[in-house]
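Quick notes on the structure that follows.
All values derive from a computational prediction rather than experimental measurement. A, B, ... follow the sequence lines: proteins, then strands. Residue 1 opens every chain.
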There are 2 protein chains.
Amino acid sequence: MTTSAPRSTRQRAAIKAALDAAEGFKSAQDIHADLRSTGGSVGLTTVYRALQSLADSGEIDALRKDDGETVYRQCSTPVHHHHLVCRVCGRSVEVEGPEVERWADEVARQHGFTSISHQVEVFGTCPLHAAEQVPDEGTARGD
Amino acid sequence: MTTSAPRSTRQRAAIKAALDAAEGFKSAQDIHADLRSTGGSVGLTTVYRALQSLADSGEIDALRKDDGETVYRQCSTPVHHHHLVCRVCGRSVEVEGPEVERWADEVARQHGFTSISHQVEVFGTCPLHAAEQVPDEGTARGD
DNA sequence: ATGGGTGCAAATAATTTGCAGGTAA
DNA sequence: TTACCTGCAAATTATTTGCACCCAT
């Protein structure tokens with residue numbers, strides 16, 4: 001097993017391209033719909049599998065939204081960072097948080113925990129959508 | 001609407017009790033199974049609804065695991081805090097992180113985001129299970 | 001040629017919802 | 001009594017898997 005790299009196929013390329021063109025985070029379902037509308041047809045299953053493998057190899061970043069959907073994004077920085085995501089448009093900003101990393105490490109160590117990992121996401125409404133807040137559920141249906 | 005409080009029923013009490021007795025986080029399914037084994041029978045639907053309303057009113061804390069399951073826990077502190085969760089036994093420790101709150105607020109403000117909220121969880125292996133690490137998926141099946 | 005990649009359909013799984021009947025207030 | 005609560009079953013939704021077929025290597 002010499003770190004076998006996945007075969008390069010039309011689908012895989014299309015998926016990476018779609019993710020690349022995306023402004024913010026996209027779910028597998030989003031990518032799939034995106035691809036269909038663009039003409040190229042890729043199976044949902046394939047999208048899930050490709051996204052998964054890309055996330056595994058670290059090429060893209062995955063995060064689970066509050067509602068349970070897993071979204072992916074092509075990150076510009078390969079270094080560890082977190083995201084500031086707009087609840088309305090989904091657009092995201094990559095942010096660093098050295099103090100957060102330090103804090104997580106600290107509290108974990110304090111309690112004797114090892115193999116630490118953390119999950120940090122900040123959600124909010126970006127300046128472009130300050131007006132159309134997200135009441136709760138249902139109002140934000142702009143497709 | 002005078003902040004109508006939910007009616008106190010046998011089921012609701014049982015659910016709160018089960019959650020209270022729990023060491024770490026429990027999913028709706030867990031609570032349901034727990035209740036069934038204890039004799040008291042409560043419908044799965046009811047468990048979901050009760051847990052949801054309890055979380056809404058802030059009486060319990062909810063968090064979504066990496067695998068997508070939502071777990072709940074009776075928190076000892078009503079103030080905002082985060083959790084340090086053991087990947088092996090699920091036991092959790094409540095931790096505070098003023099610097100994290102500050103950081104989240106800061107980066108959000110810097111980018112003009114409003115209505116900020118954040119999701120911060122730290123995972124690791126507690127000292128009692130440092131040996132039985134979680135390889136990846138499947139080894140931890142201690143019921 | 002061959003084995004990994006693909007995709008359809010069916011299988012899972014967690015959670016939600018419709019609706020009839022029970023019960024706390 | 002009455003509105004809210006309960007719970008069963010069916011519906012949803014996101015994601016996974018079986019399996020036959022196709023293509024990059």
To the nearest angstrom, the NE2-P distance between His32(A) and dT16(D) comes to 15 Å

Heavy-atom nearest nucleotide on DNA chain C taken for Arg10(B) and for Thr70(B); more 5' hit belongs to Thr70(B)

Of Leu44(B) and Pro6(B), the one whose closest nucleotide on DNA chain C sits nearer the 5' end is Leu44(B)

Picking from dC8(C), dT25(D), dA25(C), the nucleotide nearest the side-chain atoms of Arg7(B) would be dA25(C)

Between CD of Glu69(B) and C1' of dA13(C) the distance, given in whole Å, is 9 Å

From CZ of Arg64(B) across to C1' of dA13(C) the rounded distance in Å is 13 Å

What I want to check is whether the side chains of Ser27(B) and Glu69(B) have a donor and an acceptor closer together than 3.5 Å. yes

When rounded to whole Å, the NZ to C1' distance for the pair Lys65(A) and dT15(D) reads 15 Å

**Request:** May I ask you to evaluate whether Gln11(B) reaches the phosphate of dC5(D), defined as a side-chain N or O under 4.0 Å from OP1 or OP2?
**Result:** no

Of the listed dG7(D), dT16(C), dT15(C), the closest approach to the Gln52(B) side chain comes from dT16(C)

| message | Looking at His81(A) and Val95(A), would you say the former's side chain and the latter's main chain have a donor-acceptor pair under 3.5 Å? | response | no

Rounded to whole Å, CG of Leu35(A) lies from C1' of dT6(C) at a distance of 13 Å

With a non-hydrogen cut-off below 4.0 angstrom, is Ser27(B) in contact with a base, only sugar-phosphate, or nothing? nothing

Here the distance between atom P of dG5(C) and atom NZ of Lys16(A), to the nearest Å, is 14 Å

**Request:** Respond yes when some side-chain nitrogen or oxygen of Gln29(A) is under 4.0 Å from OP1 or OP2 of dT13(D), and no when none is.
**Result:** no

From the candidates dC8(C), dT15(D), dC8(D), the one with an atom nearest any side-chain atom of Arg49(B) is dC8(D)

Does Thr46(A) use its side chain to pair, donor to acceptor, with the backbone of Val42(A) at less than 3.5 Å? no

### Message
For a quick test of reading the model: is some side-chain N or O of Thr46(B) closer than 4.0 Å to OP1 or OP2 of dG7(D)?
### Response
yes

The nucleotide from dG7(C), dT15(C), dT15(D) with an atom nearest the side chain of Ala28(A) is dT15(D)

Item checked: Distance test, side-chain N/O of Tyr48(A) to OP1/OP2 of dT15(D), below 4.0 Å -> yes

| query | Within the side chain of Asp34(B), is there an N or O that forms a donor-acceptor pair under 3.5 Å with the backbone of Ile31(B)? | reply | no

Q: Tell me whether the OP1 or OP2 atom of dT16(D) has a side-chain N or O from Thr45(A) closer than 4.0 Å.
A: no

#### Entry: OP1 or OP2 of dT25(D) under 4.0 Å from side-chain N/O of Ser8(A)
yes

Please check if the side chain of Trp103(B) supplies one atom and the backbone of Glu96(A) the other of a donor-acceptor pair under 3.5 Å.
yes

Rounded to whole Å, CG of Asp30(A) lies from P of dT15(D) at a distance of 10 Å

When rounded to whole Å, the CG to P distance for the pair Asp67(B) and dA14(D) reads 17 Å

Looking at Thr9(B), does any N or O in its side chain come under 4.0 Å of the phosphate oxygens OP1/OP2 on dT6(D)?
yes

Exercise. Linking I/L/V/M/F/W/Y whenever their side-chain heavy atoms sit closer than 4.5 Å, directly or via other members, would Val120(B) and Phe123(A) fall into one cluster?
Worked result: no

